[in-house]
Asker: 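Sharing a structure, written as structure tokens. Questions coming.
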Protein chains: 2
Amino acid sequence: MKPYYQDDAVTIYHGEALGLVPLLPLFDAIVTDPPYSTGGMYRGDRMQSTVAKYVSSDTAAPRQEFTGDNRDQRSYLAWVTLWMTAALQRAKAGSVACLFTDWRQLPTTTDALQAGGWIWRGVAVWDKTLKARPAAGQFTSQAEYIAWGTCGPTEVRQLGYQIPGVFRAPAPDNADRDHITQKPLEVMRWVMDAIAPGGLVVDPFMGSGTTLVAAKESGRRAIGIEIEERYCEIAATRCSQEVLGLAL
Amino acid sequence: MKPYYQDDAVTIYHGEALGLVPLLPLFDAIVTDPPYSTGGMYRGDRMQSTVAKYVSSDTAAPRQEFTGDNRDQRSYLAWVTLWMTAALQRAKAGSVACLFTDWRQLPTTTDALQAGGWIWRGVAVWDKTLKARPAAGQFTSQAEYIAWGTCGPTEVRQLGYQIPGVFRAPAPDNADRDHITQKPLEVMRWVMDAIAPGGLVVDPFMGSGTTLVAAKESGRRAIGIEIEERYCEIAATRCSQEVLGLAL
DNA sequence: TGTAGGTATGAATCCGACT
DNA sequence: AAGTCGGATTCATACCTAC
């Protein structure tokens, strides 16, 4: 396993999550935003070869109606369960898992979390604030969700402050994004609060590496896995800039 | 079917939801906050009385129990599906369903919504703000959720403004509540925005009747069903005060 | 009317003791 | 043993009281 990039806090592997997760060192947290598209990403019935492209919930045109054909959702469940099961084997006791999801995949994601052997502890909300597409007479879909849980009993930490369960931060503008589903750094900083300082954070679907930057910046270590080399490059650049104190 | 209370906008029936829903006139929306049967990781915790589960141990003011809050998850799914199926039979095309739930029952609730034949359209978030019970080193559980959907295709309405998908409002103070789980009126006003003006709103688990007050106040009609007579009385009082313009 | 300080409490959760 | 029960604990926030 040769890293694509490495510094004292961050390691990036260029490769496929399902294959690489079992080879990771023991870690303290898995924080990730898997591709949760609802169509066209599964080739054949081999779920192992799934990660092909990222689709943003932001870019979807009008919402598809629920048709009763759960094929994609079932595959998604199986696939998430696979790598969460693998992750559990490499997780220290008390480790935290944070899985980003949209409203449509939230029930599937909590199922997969539990099917993978993790204890589901709750749902946190990223409120993207209202500026999204207009929807006539319907609740605006302005939130993403984090299904979170632990490996075994919770590790009790006295922080002296409460970690909000709802976090408000606008999504980055198109121009400021390297990746179509890129999260604002503030959101990832918020998530880091739920993880013990100094711990090792794993993101098997790294994308442009916001998780790694937030982890490093907040005194944690991180490992990122990404199948597309161009994102490995972007993330490596962001992490090394962070080294020099240039980020943000 | 003899009403417990009736005025020109509001009707209250004292009785049991499963039996009464099939007898209702055709309606435009079902908005309700069923007993979540939640309150704890462990079965034992969930089987406690509602006061033991939901009221802080050091709370001075006495609180009233409410019933129907001890189902396990399987039963909860079956039960919600039952009355949502019945409701669909009395729902006009394009009707809206809004089911309140907490994080733990959210996946079960969206399953039940769909199992009952409704089309799941999204999740709205009531952010209770950080005035919530803290949990050391964990995301605060400060939100409740609304699983919402429609009976058939959405009825397109031009509102001229967007309905937020995340709504911030602190839970009412202990002293200002008649029911342990009473919602703030503002929250119900927000929900009413998703329902056509003048429409008939049904709440089969009325409690202290906030849904009815919000419906009436916003120019809609409402039917409430409640199994405990004490809450029928409270709701009737609130609705009649609203008639006289005394509420709020 | 304003400001500062004290107090009560939340649709929890955890854990140990007891039946 | 598995199931029940009860007490301790967390802190941001709204509200009340006192100056």
Side-chain angles (χ1 to χ4, degrees), chain A residues 93-94 96 119-125 148-150 152-168 190 193-194, chain B residues 32-73 76 80 98-106 108-109 125-147 167-184 186-188 205-208 210-211 228 231:
Chain A
V96 176
I119 299 174
W120 180 32
R121 299 283 177 180
V123 173
V125 179
W148 74 280
T150 59
T154 345
E155 185 189 308
V156 177
R157 288 187 302 130
Q158 301 297 339
L159 278 183
Y161 57 91
Q162 272 177 269
I163 306 176
V166 178
F167 188 82
R168 288 159 53 89
W190 161 57
D193 258 359
Chain B
T32 196
D33 186 28
Y36 300 167
S37 297
T38 183
M41 278 290 293
Y42 306 102
R43 184 171 166 275
D45 288 341
R46 290 191 293 274
M47 293 303 158
Q48 291 176 341
S49 77
T50 51
V51 166
K53 283 195 291 190
Y54 302 138
V55 179
S56 294
S57 53
D58 52 358
T59 301
R63 298 248 54 94
Q64 296 284 346
E65 297 283 347
F66 62 98
T67 49
D69 198 65
N70 296 289
R71 294 175 175 88
D72 69 21
Q73 216 157 48
Y76 189 77
V80 175
C98 297
L99 305 184
F100 279 81
T101 177
D102 71 347
W103 66 270
R104 193 183 297 279
Q105 297 288 28
L106 179 53
T108 307
T109 304
V125 178
W126 169 31
D127 175 4
K128 294 192 277 192
T129 74
L130 256 184
K131 190 195 167 188
R133 283 197 181 95
Q138 307 188 1
F139 295 106
T140 306
S141 176
Q142 68 181 89
E144 283 182 36
Y145 303 88
I146 300 171
F167 188 83
R168 278 168 60 88
D173 250 27
N174 196 354
D176 300 331
R177 279 181 304 171
D178 296 310
H179 193 283
I180 293 183
T181 71
Q182 188 167 334
K183 306 281 170 282
E186 324 151 58
V187 168
M188 286 305 178
F205 305 95
M206 180 187 67
S208 53
T210 311
T211 307
E228 289 195 54
Y231 291 120

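Naming convention: chains lettered A, B, ... in sequence-line order (proteins, then strands); numbering from 1 in each chain.
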Asker: Scan Gly137(B) against the nucleic acid and name what it touches under 4.0 Å (heavy atoms): base, sugar-phosphate only, or nothing.
Answerer: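 No contact at all - Gly137(B) keeps every heavy atom at 4.0 Å or more from the nucleic acid.
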Asker: Quick one: look up who dA11(C) pairs with, Watson-Crick or G-U, both distances under 3.5 Å, and put none if it's unpaired.
Answerer: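 When the pairing criteria are applied, nothing turns out to pair with dA11(C), so the answer is none.
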Asker: Using a heavy-atom cut-off of under 4.0 Å over every strand shown, decide if Glu144(B) touches base, sugar-phosphate, or nothing.
Answerer: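 It contacts base atoms.
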Asker: Can you figure out which of dT9(C), dC11(D), dA12(D) approaches the side chain of Tyr161(A) most closely?
Answerer: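 The closest nucleotide is dA12(D).
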Asker: Taking atom P of dT13(C) as reference, at what distance in whole Å does atom CD of Gln162(A) sit?
Answerer: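 Rounding to the nearest Å, CD of Gln162(A) and P of dT13(C) are 13 Å apart.
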Asker: State which of dT13(D), dC14(C), dA11(C) makes the closest approach to the side chain of Phe66(B).
Answerer: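 Nearest to the side-chain atoms of Phe66(B), counting from C-beta on, is dA11(C).
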Asker: Quick one: Ile119(A) CD1 to dC14(C) C1', roughly how many Å, whole number?
Answerer: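 In whole Å, dC14(C) C1' and Ile119(A) CD1 are 12 Å from each other.
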Asker: Roughly, in whole Å, what's the span from CZ in Phe139(B) to C1' in dG10(C)?
Answerer: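 So the two atoms are 20 Å apart, to the nearest Å.
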Asker: Classify the nucleic acid contact of Thr129(B) as base, sugar-phosphate or nothing, counting any heavy atom under 4.0 Å across all strands shown.
Answerer: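 No contact at all - Thr129(B) keeps every heavy atom at 4.0 Å or more from the nucleic acid.
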Asker: Counting N and O atoms only, with roles assigned by atom type, does the side chain of Gln142(B) sit under 3.5 Å from a partner on the main chain of Pro164(A), one being a donor and the other an acceptor?
Answerer: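 Checked: no pair found.
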Asker: Tell me the interatomic distance from Tyr54(B), atom OH, to dA12(C), atom C1', rounded to whole angstroms.
Answerer: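 Spelled out: OH on Tyr54(B) to C1' on dA12(C) is 10 Å.
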Asker: Mind calculating the distance between NZ (Lys128(B)) and C1' (dT9(C)) to the nearest angstrom?
Answerer: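 My rounded result for the distance is 13 Å.
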Asker: For the side chain of Gln48(B), counting heavy atoms from C-beta on, which of dG6(D), dT13(D), dT10(D) is nearest?
Answerer: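 For Gln48(B), the side-chain atoms sit closest to dG6(D).
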Asker: Would you mind classifying the nucleic acid contact of Arg177(B) as base, sugar-phosphate or nothing, using non-hydrogen atoms under 4.0 angstrom?
Answerer: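 Sugar-phosphate: the residue Arg177(B), judged by heavy atoms under 4.0 Å, touches backbone atoms but no base.
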Asker: So, Gln105(B) and Thr38(B): side-chain donor and acceptor under 3.5 Å apart, yes or no?
Answerer: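 Thr38(B) and Gln105(B) do not have a side-chain donor-acceptor pair below 3.5 Å.
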Asker: Ignoring hydrogens and geometry, is there a side-chain-to-backbone donor-acceptor pair from Ser208(B) to His179(B) under 3.5 Å?
Answerer: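 It does not hold such a pair.
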Asker: At under 4.0 Å between heavy atoms, what does Pro153(A) touch on the DNA or RNA strands: base, sugar-phosphate, or nothing?
Answerer: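 It contacts nothing in the nucleic acid.
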Asker: Determine the contact category for Ser56(B): base if any of its heavy atoms lies under 4.0 Å from a base atom, sugar-phosphate if only primed atoms, P, OP1 or OP2 are that close, otherwise nothing.
Answerer: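 Base contact - Ser56(B) has a heavy atom under 4.0 Å of at least one base atom.
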Asker: What's the closest nucleotide to the Thr59(B) side chain, out of dG10(C), dA11(C), dC14(C)?
Answerer: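 Of the candidates, dG10(C) comes closest.
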Asker: Just do the ring pair (Phe, Tyr, Trp, His ring centres under 6.0 Å) check on Phe139(B) and Trp190(A) with the steps written out, would you?
Answerer: CA-CA 10 Å; Phe139(B) 295 106; Trp190(A) 161 57; 5.3 Å; yes
Asker: Output the single nucleotide from dT9(C), dA11(C), dC11(D) whose closest atom is nearest the side chain of Asp33(B).
Answerer: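 Of all the options, the side chain of Asp33(B) is nearest to dA11(C).
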Asker: Out of dT10(D), dA11(C), dC14(C), which nucleotide sits closest to the side chain of Gln158(A)?
Answerer: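 Closest nucleotide among those given: dT10(D).
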Asker: Assess the side chains of Asp69(B) and Thr50(B): does a donor N or O sit below 3.5 Å from an acceptor N or O?
Answerer: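 Not at all, the side chains of Asp69(B) and Thr50(B) share no donor-acceptor pair under 3.5 Å.
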Asker: Going from CD on Gln48(B) to CG on Asn70(B), what distance comes out if it is rounded to the nearest 0.5 angstrom?
Answerer: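 Going from the CD atom of Gln48(B) to the CG atom of Asn70(B) covers 9.5 Å.
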Asker: Quick one: Asn70(B) CG to dG3(D) P, roughly how many Å, whole number?
Answerer: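 So the two atoms are 16 Å apart, to the nearest Å.
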Asker: Base, sugar-phosphate alone, or nothing: which one does Pro172(B) contact when heavy atoms must sit under 4.0 Å apart?
Answerer: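 Since no nucleic acid heavy atom lies under 4.0 Å of Pro172(B), the category is nothing.
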Asker: NA contact type, Ala135(B), heavy-atom cut-off 4.0 Å: base, sugar-phosphate, or nothing?
Answerer: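 Nothing: the residue Ala135(B), judged by heavy atoms under 4.0 Å, touches no strand.
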Asker: Partner of dT10(D) by Watson-Crick or G-U wobble geometry, both contacts under 3.5 Å, or none?
Answerer: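 Matched dT10(D) with nothing under the 3.5 Å cut-off.
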Asker: Using the P atom as the reference point in each nucleotide, state the distance between dG6(D) and dA11(C) in Å, no decimals.
Answerer: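 Taking atom P in both dG6(D) and dA11(C), they lie 22 Å apart.
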Asker: Counting side-chain heavy atoms from C-beta on, which of dA14(D), dA11(C), dC14(C) comes nearest to Lys131(B)?
Answerer: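 Per side-chain heavy atoms of Lys131(B), the pick is dA14(D).
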Asker: Distance check needed: dT13(C) P versus Arg104(B) CZ, whole Å only.
Answerer: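 Atom CZ in Arg104(B) sits about 5 Å away from atom P in dT13(C).
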Asker: Mind calculating the distance between CG (Asp102(B)) and C1' (dT13(C)) to the nearest angstrom?
Answerer: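 Distance, rounded to whole Å: 13 Å.
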